[in-house]
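Below, each value reflects all heavy atoms present in this structure, side chains not excepted, and no hydrogens, waters or symmetry copies. Keep in mind the model is a prediction, meaning the values are calculated, not measured.
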Amino acid sequence: MTDARKDIEQLIAKLAEQGYIASSAIATTLYIAQQLERPILIEGPPGVGKTELANATAAMLAKPLFRLQCYEGLDESKALYDWKYSKQLLYVQVLKEQLHDILDGTDGLANAVERLHNFDDIFYSERFLEPRPLLKALQSDDGAVLLIDEIDKADYEFESLLLEILADFSVTLPEIGTLRARHKPLVILTSNNTRDLSDALKRRCLHLYIPFPEAKLESRIVHSRVPAVPDELRRQLVNFVHGVRELDLKKQPAISETIDWARSLLLLHCDSLSRELVEDTLNVLLKYEEDINMVSPELHGLIKRATSNL
């Protein structure tokens with residue numbers, strides 16, 4: 001086994017310690033991103049563990065996690081930085097007494113304005129800067145994990161703002177100049193594929209697609225989160241969920257919903273799936289009434305398939 005492969009296996013084990021069961025593809029991409037200091041763009045359906053990977057990675061590395069939740073209309077004042085206007089105003093009030101001394105000896109309005117102009121930059125310096133998640137991650141003294149969550153919900157204009165940061169790990173503020181990262185953060189972007197992302201953004205990132213896991217991997221995930229569930233029941237419920245995902249639903253049940261369902265079945269002290277039990281708890285697994293109505297006629301076949309030993 002090569003040293004790199006050993007490192008990847010160790011990475012899988014360390015993520016497991018944080019409760020995240022990673023596939024080889026996920027761990028390999030994370031390993032490469034760390035070595036090359038490249039951002040990762042993770043795409044896939046909602047609920048497959050994209051955001052959780054960032055949380056687990058930050059915990060594994062013992063680094064702070066800075067999360068930026070994207071939405072339509074997000075701009076730099078919410079994502080990058082803003083000014084501490086109340087602090088600026090307070091300083092102006094305090095320094096009013098010094099204004100007479102500053103303007104002493106000036107002749108006329110033009111000269112007074114020119115002298116005050118020399119003090120403009122004092123109020124637009126780093127001491128009055130209010131960093132937002134992007135700038136906080138760049139300014140972190142010991143490195144950080146930066147999660148840019150659901151980038152596909154933001155506008156194309158916000159993507160343009162990210163390009164300088166992701167390319168050079170620096171940002172240019174008009175009032176101050178260019179600020180460079182003290183330690184390059186590990187950047188993870190997530191997307192639910194609600195729109196296409198720009199080629200420029202994709203070129204700056206390693207790409208990782210996380211699909212719904214195969215039954216064996218999902219069973220391991222459920223076991224890591226709900227270890228008290230009996231093995232046979234875990235096998236049945238995972239098989240049932242995989243059968244449900246084959247239907248044309250409005251929202252496929254996510255891994256988190258599989259885990260919630262496992263906890264619910266454990267709470268009800270069941271050891272095997274039955275039609276009555278599934279009917280009573282289907283609302284835990286499915287979030288839309290129309291999906292429940294679609295699955296209900298298929299319950300007999302789904303349960304039979306899930307409980308089969310084949």
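- For the pair Arg5 and Ser24, the tightest heavy-atom approach, listed with the atom from each and the gap, is NH1-OG, 3.4 Å.
- Of all heavy-atom pairs spanning Arg235 and Thr307, the tightest one is NH2-O, 3.5 Å.
- In the displayed structure, Asn293 atom CG is contacted under 6.0 Å by more than 12 heavy atoms of other residues, nucleotides or ligands.
- Side chains of Ile32 and Thr28 form a contact here, defined as non-hydrogen atoms less than 4.5 Å apart.
- Exactly one residue among Asn192, Leu68, Leu162 makes a side-chain contact (heavy atoms from CB on, under 4.5 Å) with Ile151. That residue is Leu162.
- There is no path of hydrophobic side-chain contacts, each under 4.5 Å, that joins Leu201 to Leu206.
- Shown here are the side chain to side chain donor-acceptor pair (under 3.5 Å) partners of Ser296, two or more places apart in sequence or in another chain: there are none.
- When side chains are defined from C-beta on, Tyr209 does not count as touching Ser191, because their heavy atoms never get closer than 4.5 Å.
- With hydrogens and angles disregarded, a donor-acceptor distance shorter than 3.5 Å links the side chain of Thr29 to the backbone of Ala25.
- The minimum heavy-atom distance linking Arg263 with Val226 is given by the pair CG-CG2, 3.7 Å.
- A 6.0 Å sphere centred on NE2 of His300 holds no more than 12 heavy atoms belonging to other residues, nucleotides or ligands.
- Residue Leu74 holds its CG atom at 4.5 Å from CZ of Phe158, rounded to the nearest 0.5 Å.
- When all heavy atoms of Arg225 and Glu52 are compared, the closest pair comes out as NH2-OE2, 3.5 Å.
- Heavy-atom minimum distance, Ala154 versus Cys70: CB-CB, 4.0 Å.
- Taken together through direct or relayed side-chain contacts under 4.5 Å among Ile, Leu, Val, Met, Phe, Trp and Tyr, Trp261 and Val295 form part of one hydrophobic cluster.
- Remark: Lys202 NZ is packed, more than 12 non-hydrogen atoms of other residues, nucleotides or ligands lying under 6.0 Å away.
- Heavy-atom minimum distance, Ala306 versus Leu273: CB-CD1, 4.4 Å.
- In this structure, Glu232 and Asp271 have side chains that are not in contact, with every pair of non-hydrogen atoms separated by 4.5 Å or more.
- Checked for salt-bridge contact, Glu72 and Arg195 miss the test: no charged N lies under 4.0 Å from a carboxylate O.
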> Step by step, would you call Val145 with Asn55 a side-chain contact (heavy atoms from CB on, under 4.5 Å)?
Replying inline: CA-CA 9 Å; Val145 174; Asn55 293 329; over 6 Å; no

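- Annotation: the span from Glu37 atom CD to Gln35 atom CD amounts to 9.0 Å, rounded to 0.5 Å.
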> What's the verdict on side-chain contact (heavy atoms from CB on, under 4.5 Å) for Leu61 and Gln34, showing C-alpha distance, side-chain angles and the deciding distance?
Replying inline: CA-CA 11 Å; Leu61 298 175; Gln34 289 179 288; 3.5 Å; yes

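- Between Val187 and Phe169 the shortest side-chain heavy-atom distance falls below 4.5 Å.
- Interatomic distance, Gln236 CD to Ser274 OG, rounded to the nearest 0.5 Å: 10.0 Å.
- A salt bridge is defined here as a Lys NZ or Arg NE, NH1 or NH2 lying under 4.0 Å from an Asp or Glu carboxylate O, and Lys251 with Asp291 fails to meet this definition.
- Cluster annotation: Phe212 and Tyr20 are assigned to the same hydrophobic cluster (Ile/Leu/Val/Met/Phe/Trp/Tyr, side-chain heavy-atom contacts under 4.5 Å, transitive).
- For the pair Asp142 and Lys63, the salt-bridge criterion is not met [side-chain N within less than 4.0 Å of a carboxylate O].
- Asp75 has no carboxylate O lying under 4.0 Å from a charged side-chain N of Lys78, or vice versa, which leaves the two without a salt bridge.
- Counting only heavy atoms from C-beta outward, the side chains of Leu147 and Ile188 approach each other to under 4.5 Å.
- By the neighbour-count criterion of 12 heavy atoms within 6.0 Å, atom OH of Tyr71 is densely surrounded, having more than that number from other residues, nucleotides or ligands.
- Leu267 is not connected to Leu265 by any chain of hydrophobic side-chain contacts under 4.5 Å among Ile, Leu, Val, Met, Phe, Trp and Tyr, and they are in different clusters.
- Looking only at distances, no side-chain donor or acceptor of His207 sits under 3.5 Å from a matching main-chain atom of Leu41.
- The shortest side-chain heavy-atom distance between Arg220 and Leu217 falls under the 4.5 Å cut-off.
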> After noting the C-alpha distance and the side-chain angles of Leu189 and Leu166, does the key distance pass the side-chain contact (heavy atoms from CB on, under 4.5 Å) rule?
Replying inline: CA-CA 11 Å; Leu189 302 93; Leu166 298 183; 4.3 Å; yes

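- Between Pro253 and Arg245, some side-chain heavy-atom pair lies under the 4.5 Å cut-off.
- Hydrophobic clustering (ILVMFWY, side-chain heavy atoms < 4.5 Å, transitive): Leu197 and Leu208 are in distinct clusters.
- Within a 6.0 Å radius of CZ in Arg132, more than 12 heavy atoms belonging to other residues, nucleotides or ligands are found.
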> Is there a side-chain contact (heavy atoms from CB on, under 4.5 Å) between Leu299 and Phe240 once you walk through the steps?
Replying inline: CA-CA 9 Å; Leu299 282 182; Phe240 182 89; 3.8 Å; yes

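- Here the side chains of Ser140 and Pro64 are in contact, with some heavy-atom distance below 4.5 Å.
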